[in-house]
There are 2 protein chains.
Amino acid sequence: MLHDPSQLDLMFQALADPARRQMVDRLSRGPASVSQLAEPLAMSLSAVVQHLNVLEASGLVRTEKLGRVRTCQIEPKALRAAENWINERRLAWERRLDRLGDFLAETKDES
Amino acid sequence: MLHDPSQLDLMFQALADPARRQMVDRLSRGPASVSQLAEPLAMSLSAVVQHLNVLEASGLVRTEKLGRVRTCQIEPKALRAAENWINERRLAWERRLDRLGDFLAETKDES
DNA sequence: TCAATAGTGAAGTAATTACTTCAGTATTGC
DNA sequence: GCAATACTGAAGTAATTACTTCACTATTGA
């Protein structure tokens with residue numbers, strides 16, 4: 001583990017924690033402040049800020065501070081990047097299965 | 001960090017490592033043995049087996065041993081579950097933006 | 001101006017992770 | 001039976017993670 005971590009590493013790592021997924025889930029329904037994100041979570045505000053920093057470093061969340069309130073938003077492009085990585089592998093696998101099915105059907109015809 | 005980890009935790013955690021993503025990528029092109037998975041990776045076979053166990057525990061990969069060869073396959077249902085979690089949040093966010101757009105358009109009409 | 005609010009930052013701890021090496025077992029093919 | 005192959009398992013190490021608490025700064029509003 002000496003890798004300097006890619007964006008995909010950071011995004012999947014960020015999504016691997018239930019508290020962070022809960023934060024993303026909350027943000028999927030609209031922007032929120034740090035305290036609003038913290039409210040349903042059974043942990044200190046400091047812990048929430050640390051989770052938020054992980055989310056921000058991953059690119060999944062963008063934040064902006066106005067006055068004393070830090071407002072957080074989802075970054076859908078990042079979400080889409082993670083989604084696409086999985087989707088491409090799954091589709092490759094399914095296309096392969098389709099080809100295999102075609103091949104088996106053909107060889108059956110020829111027998 | 002006292003959670004007993006959900007399947008989503010395990011799947012995203014599994015995908016957060018580049019070696020494991022490389023293994024999933026390889027498997028998306030068809031089944032492979034442990035040594036075939038290990039071949040392009042610059043680490044010991046033992047390390048690869050440990051990564052493979054993480055992938056298997058997450059449900060993303062299924063393995064079956066015949067004789068002395070352990071053959072590994074992608075489990076597309078699990079891949080789809082991870083994909084869907086992200087997709088649902090992203091869609092929620094985009095639907096919200098659409099409604100916001102509609103609202104702004106309406107209030108503009110009324111002014 | 002002062003108190004409440006909103007968040008930041010550092011330090012410490014326990015658990016987990018990503019490897020390594022080395023020694024082992026099970027299977028295959030000659 | 002024996003050597004090569006294919007993998008397994010345990011133990012150790014360094015780095016990272018998920019928190020905690022406590023002390024702190026910046027902003028707001030009466």
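Computed from a predicted structure; not experimentally measured. Residue numbers start from 1 in every chain, and the chains themselves are labelled A, B, ... in the order their sequence lines are given, proteins ahead of strands.
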Q) Shortest non-hydrogen contact from Ala32(A) to Leu27(A)? A) N-CD2, 3.7 Å

Q. Glu39(B) CD to dT5(D) P: how many Å, rounded?
A. 16 Å

Q. Mapping Arg20(A) and Leu45(A) onto DNA chain D by nearest heavy atom, which one lands closer to the 5' end?
A. Arg20(A)

Q | Residues in contact with DNA chain D, drawn from residues 48-64 of chain A - heavy-atom cutoff 4.0 Å | A | Gln50(A), His51(A)

Q: Take the protein atom CE of Met23(A) and the nucleotide atom P of dA18(D), then report the distance between them rounded to whole Å.
A: 12 Å

Q. Can you find a pair of side-chain heavy atoms, one from Val48(B) and one from Met43(B), that are under 4.5 Å apart?
A. yes

Show me the donor-acceptor pairs, under 3.5 Å and distance only, between side chains in residues 70-78 of chain B and residues at least two apart or in other chains.
{"from": "Arg70(B)", "atom 1": "NE", "to": "Thr63(B)", "atom 2": "OG1", "distance (Å)": "3.0"}
{"from": "Arg70(B)", "atom 1": "NH2", "to": "Asn53(B)", "atom 2": "OD1", "distance (Å)": "3.1"}
{"from": "Arg70(B)", "atom 1": "NH2", "to": "Glu56(B)", "atom 2": "OE1", "distance (Å)": "2.8"}
{"from": "Glu75(B)", "atom 1": "OE1", "to": "Arg62(B)", "atom 2": "NE", "distance (Å)": "2.8"}

**Q.** Presence of Arg70(B) side-chain N/O under 4.0 Å of dT8(D) phosphate oxygens OP1/OP2
**A.** yes

Q. Relative to each other, are the rings of Phe12(B) and Phe12(A) parallel, tilted or perpendicular (30° and 60° limits)?
A. parallel

Q.
Whole angstroms only, please: what is the CG-P distance between Leu41(B) and dT20(C)?
A. 11 Å

**Q.** Euclidean distance, atom CD of residue Gln36(B) to atom C1' of dT5(D) [Å, nearest integer]
**A.** 14 Å

Q | Euclidean distance, atom CG of residue Asp9(B) to atom C1' of dT17(C) [Å, nearest integer] | A | 15 Å

Q: Can you see which heavy atom on Ala14(A) is nearest to which on Leu55(A), and at what distance?
A: CB-CD2, 4.0 Å

Q: Among the candidates dT21(C), dT27(C), dA4(C), find the nucleotide nearest to the side-chain atoms of Arg68(A).
A: dA4(C)

Q: Take Ala42(A) and Leu66(A), find for each the nucleotide of DNA chain D with the closest heavy atom, and name the residue whose nucleotide sits nearer the 5' end.
A: Ala42(A)

Q) Which pairs pass salt bridge (Lys or Arg N to Asp or Glu O under 4.0 Å) with one or both residues in residues 29-42 of chain A, sequence neighbours excluded? A) Asp25(A)-Arg29(A)

Q: Run the numbers on Glu94(A) and Arg80(B) for salt bridge (charged side-chain N to carboxylate O under 4.0 Å, His left out), then give the verdict.
A: CA-CA 12 Å; Glu94(A) 287 172 358; Arg80(B) 205 183 306 240; 2.8 Å; yes

Q. With a non-hydrogen cut-off below 4.0 angstrom, is Ser46(B) in contact with a base, only sugar-phosphate, or nothing?
A. base

Q: Let me know the distance between CD of Gln13(B) and P of dT16(C), rounded to the nearest Å.
A: 12 Å

